Structure formats: structure tokens, C-alpha cells
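A quick note: this is a predicted structure, and the numbers were derived from the prediction, not measured.
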Amino acid sequence: SPTVSPTGASGNGNENGKTIGIAVADQKSLFYVAAVDGMEQAADEAGYKLVTLSANNNSGQQVNQVQDLITQQVDVIIFIAQDATSAAAGVKLANDAGIPIVAVDQKPESGNGKLATYIATDSVAAAEKLCTWMFDQFGGAGDIAILQGPLGSTAELQRSEGCANALANYPDVKVVAQESAGWDETKAFTAAQNILTANPNLKAIFGESDAMALGAAKAAQQEGRTGLVFVGIDGFPTMFTAVADGLTQATMAQQPYLMGQLSVQDAVKIAEGNGGDIPKLQYQDTVLVTGENVADNDPAKFYGPDFK
Amino acid sequence: MAIIDRNMTPPRPDSSPAHGEVAPTSAASVNTSRFRRIMSQIPGPLIGLIVIFVALSFLSPYFLTPRNLLNILSQVSAVGVMSVGALLIILLGGIDLSVGSVLALSSMSMAAMYKMAGWPFEVALLAGLIVGALVGLINGILTAYGKLQPFIATLATMSAAAGLALFITNGNPITGFPDWFIAITATSILGIPIEGVILVAIFAIAAFWLKFRPSGRALYAIGGNEEVARLSGLPVRRAKILVYTIAGLLAAVAGLLVTSRLDSAQPTAGAADLLNVIAVVVIGGASLSGGSGSLLGTFVGLLIIGVLNNGMSLLNVSANLQPVVIGAVIAAAVLTDRKSSRRHT
Amino acid sequence: MAIIDRNMTPPRPDSSPAHGEVAPTSAASVNTSRFRRIMSQIPGPLIGLIVIFVALSFLSPYFLTPRNLLNILSQVSAVGVMSVGALLIILLGGIDLSVGSVLALSSMSMAAMYKMAGWPFEVALLAGLIVGALVGLINGILTAYGKLQPFIATLATMSAAAGLALFITNGNPITGFPDWFIAITATSILGIPIEGVILVAIFAIAAFWLKFRPSGRALYAIGGNEEVARLSGLPVRRAKILVYTIAGLLAAVAGLLVTSRLDSAQPTAGAADLLNVIAVVVIGGASLSGGSGSLLGTFVGLLIIGVLNNGMSLLNVSANLQPVVIGAVIAAAVLTDRKSSRRHT
Amino acid sequence: MVQTLAHTTHDGQADGDSAGLICTGLSKSYWGVPVLKDVDITLRPGNVIGLIGENGAGKSTTSSIIAGIVEANGGSMTIDGIPYEPARPSDALKNGVALIHQEIRMVPELSVAENIFIGRLPRRRGVIDRNRINDEAREYLELVGSQTDPRRPVAGLSIAAQQEIEIARALSREPKYIIFDEPSASLGQAETQHVFAQIAALRQRGVGIVYISHRLEEIKEVADTIVCLRDGALVGNWPASEITKDEMVKAMVGRDFVFSHRAPKPATSEVALSVTGLSKAGVFAGIDFDVHRGEIFGFAGLVGAGRTEVVRTIAGADQADAGEIKVHGEVVQIRNPRSGIDAGIAMVPEDRKGQGLNLDRTGAENITLPWEKELSSAGIITKKKVTSTANKLRDFLDIRGRLDIPVGSLSGGNQQKVLLAKWLVNEPKILILDEPTRGVDVGAKMTIYETIRALAETGVGVIVVSSELEEVLGLSHRVLVMSGGLQRAILDRADATPEAVMALALSNVPKESPLESPIDGEAEYQTTIRTQEN
Ligand SMILES: Nc1ncnc2c1ncn2[C@@H]1O[C@H](COP(=O)(O)OP(=O)(O)OP(=O)(O)O)[C@@H](O)[C@H]1O
Ligand SMILES: Nc1ncnc2c1ncn2[C@@H]1O[C@H](COP(=O)(O)OP(=O)(O)OP(=O)(O)O)[C@@H](O)[C@H]1O
Ligand SMILES: [Mg+2]
Ligand SMILES: [Mg+2]
């Protein structure tokens with residue numbers, strides 16, 4: 001039936017009747033889509049059934065969905081929390097129900113819930129590294145702008161924090177404009193137009209996501225402003241192209257596909273009783289992709305083969 | 001010109017027994033009309049809910065378990081609490097867009113007073129509720145005295161409250177609340193989760209108010225015809241202010257539930273709930289032009305949305321198709337609602 | 001059937017000079033009332049706009065540059081195009097929540113047909129527009145024939161369209177459009193960006209329709225009192241269907257503008273625009289209960305929102321406080337609008 | 001109270017002089033135009049003042065000022081010598097002044113009883129005492145002769161039934177002063193008599209009453225004193241027993257004026273409209289009649305007989321279940337109002353506010369609303385065209401008042417003329433008028449009657465539905481009498497005596513009638529909401 005996800009219907013799975021439940025923050029942003037792609041690939045390989053629930057960026061809804069996964073008696077839950085502070089509630093529910101939980105991307109900040117393992121990108125470090133690279137491009141002195149994600153979201157907070165860490169080492173870099181464009185390219189375009197107008201001496205724009213960096217770069221291109229540096233975090237295939245074309249200068253590529261695969265592989269081990277040797281914390285590398293190394297990096301490595 | 005002499009002929013059909021004009025005659029027709037009246041008492045969307053319910057019972061083995069049904073109750077609690085306030089406002093012919101932001105603002109205010117200002121938790125909690133009521137009060141004043149369209153007034157407060165909620169901590173969530181507070185959403189009374197009890201209690205109190213108290217009945221009068229209400233000496237402005245304040249307070253209560261549930265006050269909580277809240281009320285048969293709607297209907301609307309979300313989770317419907325299914329089911333559920341479709345053109 | 005010829009016997013029973021009941025008396029009072037009439041022609045929120053405009057000119061040296069003013073025009077183009085459709089629907093007493101999702105769906109459909117199905121771009125573009133119009137048509141049919149409340153009907157299509165837009169590519173954006181298409185938003189005619197020209201043209205055509213064409217004027221009559229309109233022989237259902245379809249089509253046009261500007265079709269584009277679109281119309285003085293509102297007002301509302309957002313960017317107002325300022329300014333702008341405050345209680 | 005009275009006595013006013021509701025020098029203007037000029041009215045307890053005047057003379061304005069709905073620009077009021085300055089309706093009610101408004105104002109969703117007690121629902125143990133309001137409502141309804149069940153919702157009740165509720169509501173406040181603003185406009189003769197009986201009883205109890213009406217015989221019957229307004233000024237004040245109807249008319253219009261019906265010119269033999277076997281389940285059945293060109297064809301019957309439903313169906317506002325309609329010999333399919341209009345059938349509906357006019361738009365826009373396509377050139381309609389068309393009709397129908405302001409601010413009679421004008425922009429083949437002179441003054445009535453005759457003389461077939469027997473009998477060539485949804489007889493002018501018509505109107509529904517199972521609550525609800533569109 002068309003309403004059942006491809007995984008549920010896939011041919012070779014389900015032999016052992018075990019199910020992994022996935023609670024993911026949304027299925028709109030490519031990071032999560034790629035992570036789920038990776039999970040599906042790994043589950044297919046292992047012959048596991050997946051139940052994927054997406055919370056549409058609503059923490060409350062996500063707790064409901066964890067509840068629904070527990071109702072269905074899944075064997076392991078993979079949890080990509082919408083938000084680090086609210087993640088504890090979901091973990092607690094799973095703990096109470098005795099279902100092991102693998103956290104991906106966000107880790108609960110509070111409570112004393114037990115995680116089987118935590119797989120993530122170190123966003124603070126990634127942002128710090130990226131911002132440092134960006135400052136160096138214009139000699140470590142000048143005005144920059146930051147386009148933030150939805151205010152209050154964990155990714156926004158961590159990426160802002162990382163860049164602030166880098167700024168601490170560059171006293172001559174000044175943030176003259178800071179605006180939220182909600183991960184959205186259109187909004188970033190508009191925001192950048194205005195920021196560029198108000199700041200004729202701007203040197204660079206840090207987009208906390210690739211989409212926002214792209215929007216900003218396109219605005220500058222339309223205004224005929226050249227010589228600025230535009231960087232983003234994510235490593236989307238479109239951003240690879242943009243970096244190669246010189247529209248943007250760098251992206252910090254995350255590896256969601258790999259993280260997805262890894263989470264399912266771990267979940268399978270746990271379900272089969274071999275979870276003992278899995279490390280509690282597994283940070284995945286981010287790769288700084290710039291004009292110099294973009295040709296050497298295949299975007300499929302980061303976002304999976306399905307990526308269009 | 002009084003051509004008919006009062007004595008000349010019986011002026012009303014009532015004195016001649018089976019005159020066909022107004023008085024119903026045969027027992028059969030009385031029965032039919034009573035049956036029809038009873039049928040028309042049933043909220044139309046109930047049929048939609050029953051169909052969805054039965055279908056899901058067949059489709060998923062987990063759906064009809066007591067545990068799952070109780071889960072549904074607690075899953076809808078926050079939206080449900082807000083939908084009571086929304087119904088009251090919609091009865092008045094108003095609308096409240098600020099409800100989600102108020103949830104966030106009151107939750108953040110409470111958390112900030114507790115964790116940042118160091119107030120005793122109980123005081124902070126009370127302050128959070130007051131903040132919610134206060135925003136509601138502003139909505140009420142803007143609509144009743146400022147004579148702004150409610151859409152605009154609450155759009156303004158929605159925007160302002162959302163901004164303030166972020167401003168308090170610069171976007172950071174606050175976590176770490178007392179255990180008893182978290183227990184509110186983690187404990188059951190006689191097997192029923194406390195949040196479910198709170199939800200049902202709020203519905204019951206509000207329904208009682210609307211049906212049996214003059215000030216509650218007045219909402220129908222004001223929403224149905226504000227001019228009549230005013231000319232009849234009803235305190236129209238006071239009613240508006242009261243209702244918006246109640247809605248703000250209820251949004252704050254919903255905020256407390258969400259905070260307790262997540263053990264986290266989030267500045268962007270509730271933002272996604274706005275359309276759900278209004279949808280619940282409208283699916284429940286209320287008219288956005290005011291004067292008609294009931295809490296029974298709203299509760300049915302709430303369950304439709306709640307059961308649908310829960311059911312699709314259980315059936316593992318693809319995330320991107322879920323909104324499509326929800327859209328189709330909402331339209332179908334309301335299309336079958338003969339009553340509301342007759343009334344509103 | 002000619003207009004009645006007034007040479008026919010005047011049926012008036014009296015031959016004495018008509019004793020004017022309301023005939024205006026003194027010249028002075030005529031003048032006062034003419035002044036009042038002219039004043040009442042000025043859309044109320046215009047004063048708000050002027051105040052904001054003047055304030056920003058002083059506050060930011062960049063605000064009053066031609067470049068920035070043209071930027072504002074292109075920044076508001078997508079919301080502006082949609083707000084024309086929204087005004088038409090609101091005039092009828094309806095509402096369209098689906099507008100943002102339709103933007104995304106038609107943009108994604110176009111892109112998918114071009115890049116995935118390999119259709120010629122012009123055909124794909126047309127298909128994208130048709131998809132938008134089609135969703136609008138469904139809205140129209142659901143409200144006019146299904147007799148759903150517009151809020152519910154368009155909530156359902158909003159949900160469905162948003163889901164489908166994501167479903168097409170499983171959330172992936174599509175990029176790589178022909179140069180001429182991208183040029184639409186990158187080129188200027190006589191210094192004015194094409195999207196601005198398109199925006200103004202759509203406003204002008206729609207304003208002409210509303211003012212001079214019987215079918216456009218009918219919207220006011222239908223929104224004002226549907227039964228009167230129906231008994232006057234106006235095709236109420238056809239008007240509803242037409243207007244919802246136009247709104248869908250305009251959302252698709254806005255989708256094309258956004259796609260062209262970014263050279264990228266995005267499944268979640270437009271989602272944030274819904275409240276803006278309705279806010280623009282309501283700030284512009286239209287009443288959500290139908291029958292009143294103008295495109296001039298809507299344009300002023302559009303500029304208020306556009307100028308405000310632009311100004312705060314230029315002034316680097318803290319992102320958290322921006323919504324607070326917007327909320328306060330909206331309330332203030334509309335509070336000063338004596339006309340609309342008088343009309344809607 | 002006693003103190004204040006003593007105080008006023010000190011001022012030299014005798015107790016007897018200050019008793020009652022005394023208005024001195026009331027003035028009001030709208031848009032800079034005075035509509036009420038220095039009006040003095042003294043209403044004593046137990047007195048009935050009949051207030052007359054042409055449409056727009058200022059009667060409703062006066063009553064609105066007294067009832068606290070509108071604020072006067074000048075003048076003062078006292079009750080029993082105490083200054084009375086109502087700022088809002090509730091102030092008036094507190095001072096014992098109630099108004100029965102010209103326009104009916106109900107909350108359709110609430111029950112009849114709740115509508116009566118709106119704003120002061122009694123409580124018992126904290127909750128609304130439903131038994132009490134239902135019982136009391138039933139008593140007050142019976143006082144005005146209404147049988148309506150107080151528990152049912154108001155939605156779906158006929159205008160007449162709602163008017164009765166409106167009166168019951170005012171009575172239930174046990175006021176000391178009541179203003180009836182044209183209550184009889186939507187009442188039938190029988191209901192009016194109930195109201196009169198009630199007024200007599202109130203007067204006995206010392207209530208002071210202002211009774212506004214355009215039905216002058218009625219006024220004479222009920223009032224002690226008759227007061228006349230013309231152009232906003234008081235022009236007469238007589239004991240009711242000492243003035244004749246003709247004198248009243250003269251005072252109202254300011255000149256000699258003869259009010260009489262004359263026989264219409266004979267109709268042609270050409271059939272304009274032919275209706276056969278028209279039926280609508282549960283509403284009416286077996287309607288068969290022809291209207292000739294040049295004929296005025298009346299519909300008589302009691303309120304609720306189904307006349308309105310029949311003519312609405314002919315005009316396309318509702319759908320018939322069976323039957324055939326021919327216009328000028330050709331069968332026409334009338335599916336909706338538009339196809340009715342296209343077939344040359346125009347209908348002036350009985351509910352001016354709900355179905356006839358869009359009160360927020362200007363008179364001119366209302367008049368041209370159905371004809372904008374015809375009035376446009378090259379698809380464009382200009383304000384000039386709208387205005388000039390409307391002005392032509394204003395002259396033709398003697399509409400008094402501006403057509404460029406919202407029609408809701410015109411007086412009731414002028415609104416009715418605007419409504420008529422709307423259907424005369426294009427000469428119809430068949431003109432249906434449902435209660436064409438509801439709330440219209442004598443002068444305007446004559447204008448409308450003359451217009452009807454003049455239109456008939458040009459070959460239009462006219463159908464007049466009216467609850468005023470004198471009107472329908474005085475105008476028509478032939479009269480169709482309905483009762484209980486059935487056509488009882490078609491009487492020629494000569495045979496259509498009031499007695500004969502009333503006998504038929506009151507005749508019972510025979511057992512074998514298709515409407516044998518009568519219109520019960522629900523069906524009535526459905527048929528009268530009339531929201532379904534085509
Ligand atoms: N709100 C208003 N704005 C402008 N003019 C008004 C308004 N209300 C009434 N008028 C004008 O005041 C005059 C008096 O109106 P009023 O309603 O008192 O007349 P009336 O004597 O009750 O007439 P009718 O018999 O038709 O009811 C009319 O010319 C009317 O057009
Ligand atoms: N007093 C009343 N109470 C309840 N229903 C009523 C009353 N009067 C009329 N009706 C309902 O109204 C409907 C018919 O009204 P309709 O308007 O067609 O009659 P009419 O002969 O034109 O009377 P009217 O003089 O009111 O125009 C019927 O369904 C009837 O039951
Ligand atoms: Mg009047
Ligand atoms: Mg009638």
C-alpha cells in the first residue's frame with residue numbers, strides 16, 4: 001500500500017521479526033533525510049524492519065511518537081531528538097519501558113536517562129573550525145554577519161557558540177549583523193540583501209546552514225558584490241557545486257548517511273545482545289570542504305547515494 | 001383597517017386542533033422530529049471519529065490497547081487545554097493567534113523566575129500563569145477597547161510574545177525542574193494520566209459554564225449578534241476581556257503541561273500548535289463567524305486529530321504522506337457533518 | 001429588455017415640490033463632508049506607513065537609497081503576489097490557509113517535471129501554474145459545493161499540498177533552471193526589477209477588475225451579504241470557485257518568483273509566508289468577515305510589513321526583539337486606522 | 001426619589017407636571033444634516049402616544065434617543081422630574097424604558113426563552129434556572145398571543161414569530177415606559193390585535209407607551225394622543241379621538257392628500273405567467289394559476305400560509321419538486337435566481353435586511369447590483385453609470401435621501417423604495433412583490449401603488465403578496481388565497497371581499513391533502529433558513 005514506507009515493504013527484511021523504531025525530528029531537512037536513508041540501507045542489509053516517525057520539529061509531538069513506538073514494542077529506538085533539553089523525556093519513557101535507546105545528533109542535557117550510545121557531530125567544534133577558517137580568508141580583521149537558524153534550536157545554539165569561540169581569538173573581527181533566517185534559503189536571501197545594504201564593508205557571512213549560505217551568496221551575486229566569503233555547515237551536494245563554482249567558499253560537511261548506518265548497525269548489535277562493546281560516545285568527523293579539496297570529496301559519501 | 005375582528009374568527013390555528021400550519025399533529029411525525037432532534041444533538045464529526053476509530057482498530061493491533069488509548073489522552077492534553085480557550089474566543093466571533101507564543105512565553109517566564117531569578121518554584125509557577133493571563137488580557141483590551149480586529153490584535157501579541165520568549169534567555173531552553181512538577185505528567189490517578197484528568201476537568205468546567213451560567217450563555221449571544229447583546233445590556237466588552245484572559249491563562253496551563261512533560265522550558269514550544277488548536281475547534285463544528293459551537297464538538301475534534309496522529313504513527317505511514325492523509329481525513333470528516341454543512345455557507 | 005424609459009407617466013401622487021428630507025443644507029456642511037470623504041478615501045494604515053518610512057529614513061542612512069527601495073520591492077514580491085489572491089478570498093468572506101503550501105507544491109511540480117520527467121521547461125512551467133490553480137480549484141469546490149468552512153477546506157489542502165511537495169523528492173530541493181528563467185528575478189526594466197513590475201502589474205489588473213468589471217465588483221456584494229447577492233442573480237458559487245482558483249494560480253506565480261530568485265525549488269518554501277500574507281491584507285484594512293477591503297490598502301499593508309522587516313535588518317535590531325517590534329508596530333499602525341477601527345467592532 | 005421630587009417642586013414645578021417621561025428640545029443631526037429639530041414629547045404614565053410621520057421624519061431617531069441607543073445633539077429628558085441621560089441601552093432599561101425595535105434583533109442560536117431573558121438570565125443555585133425562564137417566557141409569549149415553544153432555537157422562526165418574541169422580551173422587563181417602533185409592520189391582523197390587547201392591559205397598569213406605526217387606523221384605535229413629526233420637527237399633537245385619518249395624513253405630508261384605492265385598468269388576455277402543479281414537499285402543493293399581462297395578481301392568506309415560499313420558488317430562490325412555469329407562453333427552467341431574472345421574473349423579497357439589501361453598501365450600488373453586466377460598456381462599469389442609473393430611479397420612485405451613503409442609514413420606507421428600484425432598472429416581464437409596503441408611510445405607499453399600477457399598464461404581470469388585506473384587495477385584479485400550503489381559491493376583484501378571503505384563509509387542510517403530515521419543527525427550520533444556494 002502506498003501509505004507504508006519503502007522500508008516496511010522492502011523484500012528481504014523482516015525475517016527475524018525484529019523492529020527498530022526511529023523517532024526523527026523531521027523529514028524535511030536533508031540532514032535528517034540522509035540519516036534515515038543511511039538507516040534504511042543498514043536495516044535492509046541486516047534484515048530488520050524499521051518504523052520511522054517524524055515529529056515535524058515539534059518536541060511535544062516527538063515525545064508522543066516515542067510513546068507510540070513503545071506501544072508497538074519495537075526492540076530498539078533510534079532517537080534523533082528535536083531538541084537537546086527536551087530529549088530527556090523521550091529517553092526516560094524508553095528507559096521506563098526497558099527499550100534500549102541510541103541517540104543520534106542530539107544528546108539529552110538533563111535527567112539521568114541511560115543511552116546505549118550517542119552518535120553525533122561535534123557542532124560546536126565544527127562551527128569553531130569553520131569560522132576560524134573564514135576569518136583567515138580576509139586576514140583576521142573586518143566585519144562579518146551571521147545568519148542563524150531558528151532561534152533556540154539546539155543546532156543554532158551550538159553553531160552560534162562555536163563561532164563565538166572562534167571570535168574570542170580574533171579581536172579584530174566584528175559581528176555587525178546577526179539575523180535568524182530559520183534555515184531557509186529564501187529568507188536568507190532577503191536578510192543578506194538588507195545586511196549587505198547596511199554594511200558596505202562586509203567581509204564575510206557565516207550561514208549556520210548551507211541553505212542560508214547559498215541564499216546569502218546569491219543575494220550578493222545579484223547585488224554585484226564580489227570578494228566576500230560565504231561559508232555554511234552541512235555539506236549538501238548543492239553546496240559542493242557552489243563551492244566548486246566559487247559562489248560560496250566553504251562548507252563543513254557532516255556525515256549523516258554514515259551516522260544513520262552506524263546507528264542501525266549498533267541497534268542491531270544491541271538487539272542481538274552484543275551491545276556491550278559499543279562506545280558510549282561516538283563523534284563523527286566533519287570535513288572542511290573548500291575550493292581546494294572539493295574535487296576530492298564525493299558528496300555521496302556524506303549524504304548517501306540516493307542524493308539528487 | 002382592522003378587517004379581521006378578533007371575535008369574528010379564531011385568529012390562531014391553535015384553537016382548531018389539527019390545523020396544518022404550525023402544530024405538529026400525528027404521533028408519527030412527533031417521533032420523527034424527536035429522532036431528528038436527537039440526531040442533530042450528536043456532533044456531526046462524531047461519525048467521522050467513529051469511522052476513524054473503527055478503521056484503526058482493524059488496521060493496527062496496538063491501537064485498541066488501554067495503554068495506547070491513555071497515551072492518546074495525554075498526547076492531546078496541551079492542544080486540548082488550549083482548544084477550550086480557542087472555542088470560547090471563537091464563540092465570540094474572535095480568534096486567537098497568540099496561543100502558541102503565550103504557551104512559550106509563560107513557560108519561559110516561569111522557568112526564568114525559578115532558575116534565573118531564584119524565586120521559589122511555586123511562586124514562579126504562579127507568575128508563569130499570570131504572564132499568560134496578562135497577554136490574554138492585552139488581547140482582550142486591544143479587541144474590546146482598541147476595536148482592533150481580533151486577527152490583528154492577536155497577531156501582534158503573537159509576534160511580541162514569541163520574541164520575548166526568545167529574548168529571555170537569548171533562545172536557550174531552561175531545564176531542571178522540581179520532581180513533583182515533572183511528576184504531573186508522569187503519574188496516573190486510577191490508571192488515568194494526570195494531564196488527562198486536568199484536560200477533562202477543564203473541558204467539564206468550561207462546558208458547565210457555557211451551558212448553565214448566564215455569563216457563559218452570554219458568549220453565544222455576543223457571538224451570534226453583538227448588537228442585540230449590547231442592546232440587551234450584556235457587558236460585551238467585559239465578556240471579551242474575560243474570555244481572552246481565560247484563553248491566555250489556559251495557554252499558560254498548556255505551557256506548564258508541556259514543560260513538565262519535557263522537563264524543559266523552550267522558547268519555541270507551542271509555535272506549531274496554533275493551526276492544530278483552531279483546527280480542532282473548527283472540525284468540532286464551531287463556526288468562525290461566532291455564535292455556534294460546543295465543547296462536546298471540540299472534544300470530538302480534538303480526538304479526531306489525536307487519534308489520527310497516533311494511528312498514523314502506529315501504522316508507520318511515511319512522514320511526508322502523513323500530512324496528505326490528515327488533510328484528506330479532515331475534509332472527509334467534516335464533509336460528512338451534515339449539521340455544520342447545512343448551517344455555514 | 002431596455003432600461004425603463006422614464007417618459008412613462010410619473011407615478012408620484014404629489015405634484016408639490018419635493019420637500020427634501022435629507023437634502024444637505026449649507027455650503028459649509030457640504031465642504032466638511034467632502035473633506036471627510038476625501039480623508040476616508042485614504043487607506044488608514046497609510047499614515048502608519050508614512051510614519052515608519054520617515055522614522056527609518058532618519059534612523060538608517062541606507063534606507064532611503066534607491067537600491068534599497070528597489071530591494072524592498074523585490075523582497076515583498078512573492079508575499080505581495082499571494083496577498084492579491086488572499087484579498088480576493090477575504091473579500092468573499094473566506095480565507096486561504098493553503099497559499100504557502102501551494103507555492104511549494106507548484107514550484108516542486110514544475111521542477112520535477114522539468115528535471116525528473118524531462119519535460120521541456122516551458123511545458124513544465126505551465127504545468128506548475130496549473131498545479132497551483134488546481135489546488136485552488138479544489139479549495140473552491142470544497143467551499144462552494146462541499147459547503148465546508150473555508151478555514152477547514154484550505155487547512156486540509158494546506159496539509160495535503162505540503163506533504164506532497166515533500167513527497168515528490170523526499171525533501172530534496174531541485175536546482176538548475178534555464179538562464180532566462182533565473183533572469184526574471186535578476187533583471188531590471190528601467191531600473192525596476194522585473195519581479196517588482198510583475199507585482200505591480202498583478203495589483204493593477206486585480207484592482208481594475210475589482211473596480212470596473214461586474215464580476216469583480218460582485219465579490220464585494222457576495223462577501224457583504226451572500227443571500228442578497230444570490231437573489232440578485234449573481235453566480236455565487238462560480239465566483240467562489242473562480243476566486244480560489246485565481247488565488248491558487250497566484251500562489252504558483254509567487255512560487256515561480258521564489259524558484260527563479262534562488263535557482264532552486266524547495267519543498268518547504270512559502271511555509272512561513274501564510275501569516276504574513278493574511279496579515280498584509282488585514283493590516284491593509286480588509287475585514288475578515290468579508291465585503292470590505294481594497295487592493296490599495298493591501299499594498300500599503302504589504303509595504304508596512306516589507307519596510308519594517310527591511311528597516312530592522314538595516315538597523316541590526318536583535319533577532320529576538322524583531323518580532324516584538326513587529327508586533328508593537330502592527331498594533332500601533334492599525335490602532336491609528338480610524339476607518340477600520342470604526343467599522344469593525 | 002422623594003427628595004428629588006421635593007427639590008423639583010421648589011423649582012416651581014408641580015408634581016403633576018413632572019410625572020412621566022418628558023423630552024424637551026431633542027435635536028439630532030447626521031452628516032451635518034439635522035434629522036430631529038427641537039422635539040418636545042411628554043409621556044405620562046398610563047398614556048399611549050401614537051407617533052406618526054413620513055418615512056425619515058425622525059420617529060426611530062426619537063425612540064433611539066429615548067432608549068439610549070443614539071445620543072442626542074441637544075435637548076434634555078427627565079423621568080418624574082429626575083434628569084434622565086441614558087448613555088447606553090442598559091441605562092434606559094435600568095430606568096424602566098424599553099424599546100421594541102423596528103428591525104428585529106435576535107440571537108438565532110439561543111432558545112426563544114434565552115432570547116427573551118438575554119442579559120439577565122435568572123439563576124438558581126448558581127446555574128441558569130431553565131424551568132423558570134421557560135415558564136416565564138411562555139407566559140409572556142402567551143400575553144402577545146404566541147404559541148412558540150420557548151425551548152426551541154430562534155433560528156428558523158418566521159419574522160412574525162420573532163416579532164412576537166421581541167415584544168415578549170420588552171414586556172418581560174416590566175418597564176414603566178415602552179416604545180413600540182412599528183411592531184405591526186411584520187405582524188398579521190390577528191397578531192396585531194393581540195398586541196393591542198396587551199397595550200390596553202399595560203396602560204391599565206400605568207405604563208406609558210409610545211406607539212409608532214404607518215397604519216393610521218391602528219394608531220387611532222390604540223393611542224390616547226397622536227403626535228406627528230415632519231422633517232424632524234413636531235407638527236402636531238392631538239387627542240386621538242379628535243382627529244381623522246385624513247387630518248393625520250395632511251399633517252404628515254404637509255398638504256391635502258387623498259388616500260384611496262381605485263380599480264386598476266383592465267388586464268390584457270395575454271398570459272404573462274402560467275404556473276401549473278407547482279409543489280414543494282412539506283411546504284406547498286398544487287399551485288395552479290395564470291397571471292395576464294397587465295394584471296395585478298394578489299396572494300392573500302395568514303402569516304405562514306406559504307405564500308412567500310411559492311413566490312420564492314417561482315423566482316428561483318428555492319427549488320420546486322414538481323410543476324411547470326411558463327413565461328409568455330414558453331416553458332422556462334428556473335434553477336436559480338439568475339435563470340429567473342433571465343426569464344424576466346423579478347422578485348422583491350419580504351426580508352429587506354436579510355435578502356433584499358446589502359445595508360453596508362450605497363443605495364446606488366444596491367440598485368444596480370443585478371444589472372452590472374447590462375450597464376457596463378466594453379465590460380467596464382463606472383461609478384458614473386451606477387450613479388446616473390440610480391438617480392433616474394430615485395426620481396421615478398421619489399426616493400428621499402442620499403444614494404451615495406450606506407443604504408442602512410436610510411429610513412425604512414426609503415430602503416423599501418431602493419429595493420423596489422433595484423428590480424425596475426430593467427423592466428421585468430413578471431414582477432413579484434412580497435410585502436411591498438412593509439414599514440412604508442402613506443405617501444410612499446401611494447407611490448409604490450402607483451408604480452405597481454403603472455408597471456401593470458405597460459404590460460408587466462405583477463404578483464403582490466401582502467398580509468394587509470386592504471392592500472392586496474385594493475390593488476389586485478384577482479386574488480389567490482392560500483392556507484396551510486394549499487391554494488384555496490382564486491377570487492375575482494368583485495368577489496374578493498375581506499370576509500370571503502378570510503374565510504378561505506382560515507379553512508382547514510383536508511385530510512387527503514398532500515401536506516397532511518404538517519410542517520413540523522424540523523421541516524420548518526429547514527425551509528425558513530433559506531441558505532441553500534443554487
Ligand atoms: N446612522 C445614520 N446615519 C445617517 N443618517 C441617518 C442615520 N440614521 C438615520 N438617519 C437619517 O435620519 C432621518 C430620520 O430617520 P428615522 O429612522 O428616524 O426615520 P423614521 O421616521 O423612523 O422613518 P421610517 O418610518 O421609515 O422608519 C432619515 O433621513 C435617515 O436617513
Ligand atoms: N408563527 C410561526 N411560528 C412558527 N413557524 C411559522 C410561523 N409563521 C410562519 N411559520 C413558518 O413559516 C413558513 C411559511 O412561511 P411563509 O413566509 O412562506 O408564509 P407566508 O404566507 O408568506 O407568510 P408571511 O406573511 O410570514 O410571509 C412555514 O414553514 C411556517 O411553518
Ligand atoms: Mg423608523
Ligand atoms: Mg411571506
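- Chain B forms the most heavy-atom pairs under 4.5 Å with one residue out of C:I326, C:L274, C:L288, and that residue is C:L288.
- Interface residue C:L155: only side-chain heavy atoms are found under 4.5 Å from chain B.
- Between B:G163 and C:P323, the shortest heavy-atom contact is CA-CG, 3.7 Å.
- The CG atom of C:N170 sits 5.5 Å away from the CG atom of B:N320 when rounded to the nearest 0.5 Å.
- The two residues C:L275 and B:F151 come nearest to each other via the heavy atoms CD2-CZ, 4.2 Å.
- Residue contact with chain C, scored on non-hydrogen atoms closer than 4.5 Å, involves the backbone and the side chain of B:A279 alike.
- Shown here is B:F167, whose CZ atom has no more than 12 heavy atoms of other residues, nucleotides or ligands within 6.0 Å.
- In this structure, B:Q149 contributes its side chain and C:G285 its backbone to no donor-acceptor pair below 3.5 Å.
- Taking chain B as the reference chain and counting heavy-atom pairs below 4.5 Å, the highest number among C:G171, C:A153, C:S159, C:G93 is found for C:S159.
- Both the backbone and the side chain of C:I278 come within contact range of chain B, judged by heavy atoms closer than 4.5 Å.
- Options C:V282, C:T157, C:I330, C:L142 differ in how many heavy-atom pairs under 4.5 Å they form with chain B, and the most are formed by C:V282.
- Looking at C:L164, the atoms closer than 4.5 Å to chain B (heavy atoms on both sides) sit in the backbone and in the side chain alike.
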